[in-house]
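Just below is one structure, and these are the notes that go with it.
Any value given below was found using the heavy atoms of this structure, including those in side chains, with hydrogens, waters and symmetry copies removed. Along the sequence shown, residues are numbered consecutively beginning with 1.
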Amino acid sequence: MPSKPSTCYECDANCPIEVELDGAGEPVGIKGPDCPRCYAQIDRREHPQRLLYPLKRVGPKGSGAFERISWDEALDTIAARLQAIKAEHGAPTVAFFAGYTKEARPQLQRLAHAFGSPNYLTESGCCFSATMVAEKVTFGYKVKTTSTVVSSKTRCHLVWSTNPRGSIPPFDSHPLANIRTAAQGLDGPSRRLIVVDPRRTPLAERADIHLQIRPGTDGALALGFHHLIFANGWQDQAFLDEWANGVDAFRDYVRAFDPACVAEICGIEEADLRAAAELFATTRPAQLNLSPTSTVQHSNGFQNHRALILLSAVTGNLDREGGNRFFNDKVMPKPIELFDYCRNHLPPRIGDEVYPVWTHYWPAGQSMLLPDCILEGRPQQVRALVAMGINTAMWPNSKRMERALGALDFFVATDFFHNPATLQADIVLPAATNLERPALIAYPGCAYQGELRYRRAVVPPKGEARPDGEIFLDLGVRLGMGERFWQGDLEAAWAEAAEGIPEEIREEVYSNPNGVTVYSEAIEELVEEGYLDAERLYRLRGFPTASGKVEFDSEELRAAGHAGLPVYREPAESPVSTPEVACDYPLVLTSGARTKFATHSQHQYLERMRPGIPNPLIEIHPEDAGTRGIQDGAWVSVRSPRGAVRFVARVTDRVKPGVVHCAHGWNHANVNELIDDRYLDPISGFPPFKSSLCEVASVSDSS
């Protein structure tokens with residue numbers, strides 16, 4: 001059977017695949033990694049509910065009443081409406097949003113800025129970017145990106161709220177999912193394992209110590225580690241003396257976080273805290289293994305994340321093999337997004353007014369503010385929206401975001417399927433899948449190594465679907481900017497981006513379906529200077545922070561009006577901070593644990609994926625279920641001050657007593673409807689998806 005090479009795009013790992021074709025050239029099989037998402041790509045392409053033609057709304061917003069129109073009518077209508085709104089209210093009142101897929105972001109951002117709007121927004125307003133910014137402010141480098149690359153030299157892993165069997169492809173076979181410890185009686189050098197997680201994950205079951213904390217108390221736990229490290233002299237004082245800024249003030253601050261106090265805050269045993277801190281600090285090299293979101297989706301998440309990544313610095317495990325390596329930039333495509341033009345010539349982005357530290361490092365506006373912008377005109381007024389892969393389920397208090405989309409003067413969306421967001425749109429455009437569109441892919445890789453490849457379309461789009469990037473280029477043409485948008489030629493857009501790749505490897509990037517491995521110049525610089533271990537880059541460059549050192553007390557944060565130290569604050573809604581709310585909503589609600597059977601809401605429509613998790617689940621401890629008369633497998637109502645959502649109960653002691661975990665990404669059971677959108681992190685603007693309050697009742701007992 002003939003086949004063509006391609007890459008999977010069910011997450012952002014871009015795993016190589018072979019697409020098997022029948023005699024008519026239609027895809028009939030996928031050969032790739034042993035991942036359930038991989039085999040769903042054909043199912044999406046062939047799904048009977050897939051959007052295949054441009055649609056115009058003909059009924060009330062939210063009604064689902066649309067009629068098919070031509071591409072010419074769709075693009076002409078969009079261009080005319082955008083121009084009219086720009087003429088009457090100004091280009092910045094038109095926002096542009098990129099969710100999934102991410103590949104067409106350069107073309108959409110270019111459209112936004114060429115149109116004259118600084119307000120290009122992305123799903124990174126609540127995902128990943130806060131960890132990156134916290135790390136850049138603190139170290140000048142990213143560490144999360146490399147934290148799941150396992151080294152043979154690591155002697156101790158501190159896995160902080162990430163579950164590799166559900167969140168890190170290739171899932172069951174990822175080295176982090178298969179850490180074998182001294183407790184298993186292995187020969188050779190032993191590894192020790194500490195897991196911090198409110199749920200008892202498969203990895204936590206194998207850990208030497210599992211710290212099952214109350215969600216949102218990560219910062220207190222990290223500061224408790226620091227307290228014990230300094231109290232016992234376990235810190236790398238030589239490193240701190242040379243490379244730390246503000247460590248004396250930090251040491252004074254953590255004195256208050258004694259083990260008894262921290263154990264009470266976090267809901268753990270004091271003896272376990274003491275043992276974990278000693279194990280991590282004295283078993284070197286030690287590595288933090290981090291999630292992109294679990295530590296930052298809280299009302300104090302940014303500072304919590306800073307507190308825990310500083311554990312790598314205080315123990316001298318920064319940028320050492322076996323510790324936490326810095327992520328270094330590699331060869332990348334030429335930027336075609338026009339972000340420099342935006343930064344130098346356009347008005348402030350949404351979020352510049354309230355989250356300037358975050359927007360300084362992230363090349364977009366803060367999307368979590370979009371409902372405020374539409375409904376209340378603050379911090380800016382938004383009247384129209386062009387969106388790719390948008391779903392209201394991404395926002396806290398999601399029903400409010402749904403109302404906001406319905407209040408827009410004009411709204412256009414591209415997608416594969418309808419969802420609660422597209423039902424509010426005036427125009428809905430059918431998007432091509434990854435099997436049907438080309439893309440220039442730059443995979444970040446690890447500390448010094450990355451990958452470039454050009455993926456060609458394997459099959460033509462079904463129906464009249466088009467690649468998102470092509471749609472945005474066509475809109476640029478209709479708006480009178482044909483020369484700036486390659487006259488609508490998507491391949492030409494990628495070709496200009498490829499001009500940033502050195503000529504000697506550019507041809508191979510296009511011709512080699514396996515891609516081209518590229519390396520950071522930093523490794524060559526280290527070796528040339530005689531550092532053959534190719535680590536501790538700060539010996540040559542220092543730390544690219546405000547002080548040139550590790551920022552225990554951040555000058556940049558102080559200048560922006562925030563605490564320079566990684567201060568701990570209770571979650572804005574918790575049994576401690578809001579006892580009056582806890583009277584009616586006594587359970588701590590957390591959400592969003594990943595599973596290999598879904599990427600957010602993208603796989604709900606695919607029957608192949610549903611047997612793995614057929615229903616939206618809430619995990620509740622037997623003690624909490626028993627007092628509420630809740631049986632395993634029963635439908636329950638989960639309530640918060642924002643509303644109520646129905647889930648299926650999974651009664652399990654894998655979740656901490658007093659805590660419930662709800663699955664996310666279900667359109668008909670959207671946990672984010674229950675999350676408050678007022679308590680955004682003051683530095684990043686991230687919502688508290690993972691620490692709020694709720695109550696659970698059997699459906700028969702609730703109205």
Taking atom types as modelled, find out whether Y443 and Q449 have a side-chain donor-acceptor pair closer than 3.5 angstrom.
no
V314 side chain reached by D236 side chain, heavy atoms, under 4.5 Å:
no
Between R320 and D533 (salt bridge meaning N to carboxylate O under 4.0 Å), is one present in this structure?
no
Does atom CD of Q237 have more than 12 heavy-atom neighbours, drawn from other residues, nucleotides or ligands, at distances under 6.0 Å?
yes
Exercise: do N245 and E551 side chains pair donor with acceptor under 3.5 Å
yes
For T122, does its backbone N or O pair with a side-chain atom of S367 as donor and acceptor, under 3.5 Å?
yes
Would you please test F250 and H226 for ring-ring contact (aromatic ring centres under 6.0 Å, His included) and show each step?
CA-CA 9 Å; F250 178 75; H226 286 290; 4.7 Å; yes
Would you call the rings of Y538 and F239 parallel, tilted or perpendicular, where under 30° means parallel and over 60° means perpendicular?
perpendicular
Looking at R192 and D208, is any side-chain nitrogen of the basic one under 4.0 Å from a carboxylate oxygen of the acidic one?
yes
May I ask you to decide if E18's main-chain N or O and S3's side chain share a donor-acceptor pair within less than 3.5 Å?
no
For W358 and D681, run side-chain contact (heavy atoms from CB on, under 4.5 Å): C-alpha distance rounded to whole Å, both residues' side-chain angles, the deciding distance at 0.1 Å, then the answer.
CA-CA 11 Å; W358 183 84; D681 181 278; over 6 Å; no
Salt bridge (charged side-chain N to carboxylate O under 4.0 Å, His left out) partners of E205, counting only residues at least two apart:
R200, R654
Name every donor-acceptor pair, under 3.5 Å, that has one atom in a side chain of residues 506-514 and the other anywhere in the protein, sequence neighbours excluded.
from	atom 1	to	atom 2	distance (Å)
R506	NE	A498	O	3.2
R506	NE	I501	O	3.2
R506	NH2	I501	O	3.1
E508	OE2	N512	ND2	3.4
S511	OG	E507	O	3.0
N512	OD1	N514	N	2.9
N512	ND2	G515	O	3.4

Q303 (side chain) donor-acceptor with Y568 (main chain) under 3.5 angstrom:
no
Just checking, any donor-acceptor pair under 3.5 angstrom between side chains of T295 and N304?
no
Within the distance-only criterion (no hydrogens, no angle test), does the side chain of T146 pair as donor or acceptor with the backbone N or O of R325 below 3.5 angstrom?
yes
Indicate the ring-plane relationship of F225 and W160, choosing parallel, tilted or perpendicular according to the 30° and 60° boundaries.
tilted
Would you check if there is a donor-acceptor pair between the side chains of R165 and N178 at a distance under 3.5 Å?
yes
May I have all residue pairs that pass salt bridge (charged side-chain N to carboxylate O under 4.0 Å, His left out) and include part of residues 277-289, sequence neighbours excluded?
none
Can a donor-acceptor pair be found, under 3.5 Å and without considering hydrogens, that links the side chain of T217 to the backbone of A220?
no
side-chain contact (heavy atoms from CB on, under 4.5 Å) between S161 and D218: does it pass, once the steps are laid out?
CA-CA 9 Å; S161 289; D218 308 79; 4.2 Å; yes
Residue list, ring pair (Phe, Tyr, Trp, His ring centres under 6.0 Å) with F230, at least two apart or on another chain:
none
For F139, does the six-membered ring have the charged nitrogen or CZ of K142 within the cation-pi criterion, i.e. under 6.0 angstrom from the centroid and within 45° of the normal?
no
Verify ring-ring contact (aromatic ring centres under 6.0 Å, His included) between H600 and Y100, making sure each step is shown before the conclusion.
CA-CA 10 Å; H600 307 304; Y100 277 79; 5.7 Å; yes
T154 side chain to R191 side chain, donor-acceptor N/O pair below 3.5 angstrom
no
Report the C-alpha distance between L223 and V262 in whole Å, list the side-chain angles of each, state the deciding distance to 0.1 Å, and finish with yes or no for side-chain contact (heavy atoms from CB on, under 4.5 Å).
CA-CA 8 Å; L223 295 169; V262 170; 5.9 Å; no
Let me see the working for S601 and N391 under side chain to side chain donor-acceptor pair (under 3.5 Å), right down to the final yes or no.
CA-CA 8 Å; S601 64; N391 191 329; 3.3 Å; yes
With a 3.5 Å distance limit and no angle check, can you tell me whether S591 reaches the backbone of C662 through a side-chain donor-acceptor pair?
no
Can you list the residues that meet the salt bridge (charged side-chain N to carboxylate O under 4.0 Å, His left out) rule with E619, with sequence neighbours excluded?
R199
Determine yes or no for a side-chain-to-main-chain donor-acceptor pair under 3.5 angstrom, with T599 supplying the side chain and E10 the backbone.
yes
Salt-bridge criterion met for R306 and E135 (N-O under 4.0 Å)
no
Could you tell me whether E499 and K334 have a side-chain N and a carboxylate O separated by less than 4.0 Å?
yes
Derivation and outcome, side chain to side chain donor-acceptor pair (under 3.5 Å), residues H298 and S691
CA-CA 6 Å; H298 304 276; S691 50; 2.7 Å; yes
Could you tell me whether K102 and E123 have a side-chain N and a carboxylate O separated by less than 4.0 Å?
yes
Is it true that H305 and T131 share a donor-acceptor pair across their side chains at a distance under 3.5 Å?
no
What I want to check is whether the side chains of S151 and E321 have a donor and an acceptor closer together than 3.5 Å.
yes
Would you say N317's side chain and P285's backbone share a donor-acceptor pair under 3.5 angstrom?
no
Where do T201 and V159 land on the side-chain contact (heavy atoms from CB on, under 4.5 Å) test, with the steps shown first?
CA-CA 11 Å; T201 63; V159 181; over 6 Å; no
Donor-acceptor contacts under 3.5 Å from residues 522-531 side chains, at least two apart:
from	atom 1	to	atom 2	distance (Å)
E525	OE1	R541	NE	3.1
E525	OE1	R541	NH2	2.6

Do N434 and E103 meet the criterion of a side-chain donor-acceptor pair at a distance under 3.5 Å?
no
Is a donor on one side and an acceptor on the other found under 3.5 Å between the side chain of Q366 and the backbone of G125?
yes
Return yes if some donor-acceptor pair links the side-chain N/O of T283 with the main-chain N/O of R155 below 3.5 Å, else return no.
no
